[in-house]
Amino acid sequence: MYQTTLNQQPATIDFTTNGPLLNSEPFHWDLVRITDRTFHIIHQNKSYTAEVLEMNQAEKTVSLKINGHLHQVQLKDRFDLLLETMGMSNAASKKINELKAPMPGMIVGISVQPGDVVKKGDSLLILEAMKMENVLKAPSDAVIKTIRPSKGDRVEKGQLLVEFD
């Protein structure tokens, strides 16, 4: 089951062995793939050309152009819907304001300084633990506010290392 927004209206799509259901109603269509990103669809005797412009799997969004009109689609699978009913739907999207040490060790490298703009996945610090170097990366796009340890400092698990704006 997927929940999405079509024409600014919530819609539920279920894929069953008998074909798709749109809002619990059978959805009959003829679909032909033209290219990897372009499809020809016939639904209720009307012809549509659909092009997938962008698909962001991490954010579960799809940008479509259908007969020249742009559509942004937000997908929610059964796990997203379950998290929503539990009041945890935006837990993953909360801004992270700090980075803490995942284990005890020694800071052997610092790649950033206060005021630097970082992207998710950028290297921030190198933590040596158990004779291995661990690259600590930015958890999201942010601006470095402060860096607590200095190169050569020993840190404990859970110790605050970096604060973000």
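This structure is a prediction, so every number in the text was calculated from the model and none was measured.
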S63 side chain to H71 side chain, donor-acceptor N/O pair below 3.5 angstrom: no
Is [X] reaching over with its side chain to a backbone N or O of [Y], donor-acceptor style, under 3.5 angstrom?
X    : Y    : answer
E25  : L22  : no
N67  : T49  : yes
D165 : K145 : no

If you draw a 6.0 Å radius around CE in M55, do more than 12 non-hydrogen atoms from other residues or ligands fall strictly inside?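 Not buried by this count: 12 neighbours or fewer within 6.0 Å.
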Is R148 salt-bridged to E163, going by a charged N under 4.0 Å from an acidic O?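 So R148 pairs with E163 through a salt bridge.
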Indicate, with yes or no, if L160 and F164 share a hydrophobic cluster defined by side-chain heavy-atom contacts under 4.5 Å among Ile, Leu, Val, Met, Phe, Trp and Tyr. no
Least distance between heavy atoms, [X] atom then [Y] atom:
X    : Y    : result
Q113 : I144 : O-CB, 3.6 Å
V112 : S123 : CG1-O, 3.9 Å
A50  : I66  : CB-CG1, 4.1 Å

Do the non-hydrogen side-chain atoms of [X] and [Y] ever get within less than 4.5 Å of each other?
X    : Y    : value
L125 : S111 : no
L136 : L99  : yes
E54  : V62  : no

Test side-chain contact (heavy atoms from CB on, under 4.5 Å) on L161 and K100 and set out the steps. CA-CA 5 Å; L161 302 177; K100 294 183 179 181; 5.7 Å; no
Partner of V118 by side-chain contact (heavy atoms from CB on, under 4.5 Å), out of V143, D141, V162, L124: L124
Going by the side-chain contact (heavy atoms from CB on, under 4.5 Å) test, name the single residue among D36, T35, L64 that passes it with V52. L64
Calculate, to the nearest 0.5 Å, the distance between atoms CG and CG belonging to D116 and D122 respectively.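 Here the rounded value is 9.5 Å.
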How long is the span from the CE atom in M132 to the CE atom in M103, to the nearest 0.5 Å? 8.5 Å
Under the side-chain contact (heavy atoms from CB on, under 4.5 Å) rule, what do L127 and I107 come out as? Steps first, then yes or no, please. CA-CA 5 Å; L127 175 68; I107 301 297; 4.0 Å; yes
Test side-chain contact (heavy atoms from CB on, under 4.5 Å) on Y48 and H40; report intermediate values, then the result. CA-CA 6 Å; Y48 301 90; H40 183 259; over 6 Å; no
Side-chain donor-acceptor pairs of residues 26-34 under 3.5 Å, sequence neighbours excluded:
none

